[in-house]
Amino acid sequence: MNKIICISGTNRPNNYTSKALKVVTDELTAQGKATEVFDARDLTLAFPGTPATPDAVRFKEAVKNASGVIIATPEY
């Protein structure tokens, strides 16, 4: 079964973006959907043009094989 990849795109502590994404992932789980969350606070990603980090490789593979992607971003 493919997963729905959920991305929280902020690294601020106690942010509302991750809290909103949690509401979404809880609902998806309640519907029997498999999810995997990638949180910017927990990822080590390199700048473009530099070698990919293990987190970047794992993230890229997860998105490539996902049945869906949800991106949560803060409003600035």
For [X] and [Y], work out which heavy atoms get closest and say how close.
X	Y	answer
T44	T53	O-OG1, 2.5 Å
N2	S67	CB-CB, 3.5 Å
A62	I5	O-CG1, 3.5 Å
V57	A52	CG2-CB, 4.0 Å
K33	I4	CB-CD1, 4.2 Å
T25	K22	OG1-O, 3.1 Å

When rounded to the nearest 0.5 angstrom, what distance separates CZ in R41 from OG1 in T10?
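The distance works out to 8.0 Å.
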With rounding to the nearest 0.5 angstrom, report the CZ to CG distance, R58 to L43.
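CG of L43 is found 6.5 Å from CZ of R58.
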So for atom CZ, which belongs to R12, do other residues, nucleotides or ligands contribute more than 12 heavy atoms lying within a distance under 6.0 Å?
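Result for CZ/R12: open.
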Could you check whether atom NZ of K19 has more than 12 heavy atoms from other residues, nucleotides or ligands sitting under 6.0 Å from it?
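Counting neighbours around NZ of K19, more than 12 heavy atoms of other residues, nucleotides or ligands fall under 6.0 Å, so yes.
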Do F59 and I71 belong to the same hydrophobic cluster, where Ile, Leu, Val, Met, Phe, Trp and Tyr are linked whenever their side-chain heavy atoms lie under 4.5 Å apart, directly or via other members?
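Yes; I71 is reachable from F59 via cluster members.
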Report yes or no: do L45 and I7 belong to one cluster of Ile/Leu/Val/Met/Phe/Trp/Tyr joined by side chain heavy-atom distances under 4.5 Å?
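Same cluster: L45 reaches I7 through Ile, Leu, Val, Met, Phe, Trp or Tyr contacts under 4.5 Å.
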For F38 and D55, run side-chain contact (heavy atoms from CB on, under 4.5 Å): C-alpha distance rounded to whole Å, both residues' side-chain angles, the deciding distance at 0.1 Å, then the answer.
CA-CA 9 Å; F38 285 86; D55 282 345; over 6 Å; no
So, do P74 and N15 sit near enough that their side-chain heavy atoms are less than 4.5 Å apart?
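P74 does not reach N15 side chain to side chain.
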May I have the step-by-step check of side-chain contact (heavy atoms from CB on, under 4.5 Å) for I70 and L28, ending in yes or no?
CA-CA 11 Å; I70 295 172; L28 289 169; 3.7 Å; yes
Step by step, work out the side-chain contact (heavy atoms from CB on, under 4.5 Å) result for K64 and E61.
CA-CA 5 Å; K64 178 180 170 184; E61 281 301 307; 4.0 Å; yes
